[in-house]
K.L.:
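First the structure, then my questions, so here it is.
All figures in this text were calculated on a predicted structure; none of them were measured in a lab.
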Amino acid sequence: MPAVQDSIDAIRIAAAAADRMKATDIVAFDVTEPLAITDLMMIAGASNERQVLAVAEEIEKDLYLKDGKRQPRSREGLTEGQWVLLDYGDFVIHVMHQESRDFYRLERLWKDCPNIDLQLDHAQDTTEEAVEAE
């Protein structure tokens with residue numbers, strides 16, 4: 001069963017916020033088949049710790065203001081700024097320092113899952129190339 005439209009709409013809001021803060025290689029996957037705990041995973045890259053925190057903060061702000069006061073169930077990684085995880089239940093958002101992202105390569109885990117069109121043309125093109133290269 002594919003992800004619900006409400007979650008896809010929220011992920012698009014999060015992706016737009018990340019894009020506005022100059023996050024890189026923003027991608028989202030429909031993980032309903034392999035995972036029972038959530039529907040979508042979004043990953044966004046940032047070049048330094050400060051940017052990781054700024055992107056995560058902007059995502060939280062937009063989801064609260066533009067998506068019915070939605071708040072994460074949990075937030076992790078805010079003290080280190082290397083990898084911030086925002087768990088909204090139906091979807092999970094990873095904002096990762098580029099070095100951590102290169103090391104963990106989370107896209108590999110979900111490369112067989114359908115990509116979500118984030119309606120960010122430049123981000124989708126880059127991500128599809130990166131997944132194909134692996």
Side-chain angles (χ1 to χ4, degrees):
M1 177 201 285
V4 295
Q5 190 61 45
D6 183 51
S7 295
I8 293 171
D9 293 342
I11 280 286
R12 286 180 176 151
I13 291 170
D19 187 53
R20 201 169 49 256
M21 297 303 291
K22 307 295 186 219
T24 57
D25 300 324
I26 305 165
V27 62
F29 298 96
D30 181 339
V31 295
T32 53
E33 287 298 315
L35 297 177
I37 58 172
T38 193
D39 292 339
L40 301 170
M41 291 280 180
M42 185 182 111
I43 308 168
S47 60
N48 58 57
E49 290 85 359
R50 226 169 151 171
Q51 187 184 18
V52 168
L53 296 173
V55 169
E57 183 179 311
E58 191 73 6
I59 289 170
E60 280 192 76
K61 181 184 80 164
D62 277 13
L63 286 172
Y64 184 81
L65 295 175
K66 297 179 181 180
D67 196 40
K69 298 188 177 185
R70 191 183 296 251
Q71 294 183 328
R73 291 180 179 181
S74 67
R75 303 157 64 219
E76 303 196 19
L78 294 172
T79 53
E80 298 85 15
Q82 285 288 312
W83 180 349
V84 173
L85 183 141
L86 303 172
D87 181 355
Y88 284 89
D90 293 339
F91 57 92
V92 176
I93 298 171
H94 303 268
V95 182
M96 303 177 77
H97 189 290
Q98 196 58 50
E99 290 174 6
S100 296
R101 188 169 181 178
D102 292 343
F103 181 79
Y104 289 104
R105 298 175 17 173
L106 292 182
E107 289 91 339
R108 249 179 341 128
L109 297 174
W110 304 304
K111 69 180 179 184
D112 295 332
C113 296
N115 280 359
I116 300 296
D117 178 7
L118 298 173
Q119 299 176 346
L120 302 171
D121 294 333
H122 57 282
Q124 283 298 107
D125 295 341
T126 307
T127 302
E128 288 171 6
E129 291 169 10
V131 171
E132 287 174 9
E134 294 180 13

K.L.:
Quick check for you: to the nearest 0.5 Å, what is the distance between Ile59 atom CD1 and Ile13 atom CD1?
P.N.:
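The CD1 atom of Ile13 is 11.5 Å from CD1 of Ile59, to the nearest 0.5 Å.
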
K.L.:
Give the C-alpha distance, both sets of side-chain angles, the deciding distance and a yes or no for side chain to side chain contact (heavy atoms under 4.5 Å, CB included) between Val31 and Asp39.
P.N.:
CA-CA 5 Å; Val31 295; Asp39 292 339; 5.9 Å; no

K.L.:
Against Phe91, only a single residue in Leu63, Ile8, Ile116 fulfils side-chain contact (heavy atoms from CB on, under 4.5 Å); can you say which?
P.N.:
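The passing option is Leu63.
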
K.L.:
Please list, one pair per line, the donor and acceptor atoms closer than 3.5 Å that link side chains of residues 76-86 to other protein atoms, with sequence neighbours excluded.
P.N.:
from, atom 1, to, atom 2, distance (Å)
Gln82, OE1, Ser100, OG, 3.0
Gln82, NE2, Glu49, OE2, 2.6
Trp83, NE1, His94, ND1, 3.0

K.L.:
According to a hydrophobic-cluster definition based on side-chain heavy atoms being under 4.5 Å apart (Ile, Leu, Val, Met, Phe, Trp, Tyr only), do Leu65 and Ile11 belong together?
P.N.:
no

K.L.:
Would Met41 end up clustered with Tyr104 when hydrophobic side chains under 4.5 Å apart are linked, directly or stepwise?
P.N.:
yes

K.L.:
Out of curiosity, Tyr88 OH to Arg75 CZ, how far, rounded to the nearest 0.5 Å?
P.N.:
8.5 Å

K.L.:
With side chain to side chain contact (heavy atoms under 4.5 Å, CB included) as the test, would you mind laying out the steps for Phe29 and Leu109 before giving the verdict?
P.N.:
CA-CA 10 Å; Phe29 298 96; Leu109 297 174; over 6 Å; no

K.L.:
In Å and rounded to the nearest 0.5 Å, what is the OG to CE distance from Ser7 to Met42?
P.N.:
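The distance works out to 13.5 Å.
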
K.L.:
Between Arg12 and Asp117, does a side chain to side chain contact (heavy atoms under 4.5 Å, CB included) hold up when you go through it step by step?
P.N.:
CA-CA 8 Å; Arg12 286 180 176 151; Asp117 178 7; 4.2 Å; yes

K.L.:
Given 3.5 Å as the limit, does a donor-acceptor pair link the side chain of Asp30 with the main chain of Thr32, or not?
P.N.:
yes

K.L.:
What's the spacing between Met21 CE and Ile26 CD1 if we round to 0.5 Å?
P.N.:
11.5 Å

K.L.:
Quick one: OG1 on Thr38 to CZ on Arg73, what's the gap to the nearest 0.5 Å?
P.N.:
8.5 Å

K.L.:
Please report the shortest heavy-atom distance between Val52 and His97, naming the atom on each side.
P.N.:
CG2-N, 3.5 Å

K.L.:
Roughly how far, to the nearest 0.5 Å, is the CE atom of Met96 from the CD1 atom of Ile43?
P.N.:
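The CE atom of Met96 is 7.0 Å from CD1 of Ile43, to the nearest 0.5 Å.
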
K.L.:
Evaluate Leu118 against Asp19 for side chain to side chain contact (heavy atoms under 4.5 Å, CB included), listing each step before the verdict.
P.N.:
CA-CA 10 Å; Leu118 298 173; Asp19 187 53; over 6 Å; no

K.L.:
Mind checking whether Asp6 and Arg70 have side chains closer than 4.5 Å, heavy atoms only?
P.N.:
yes

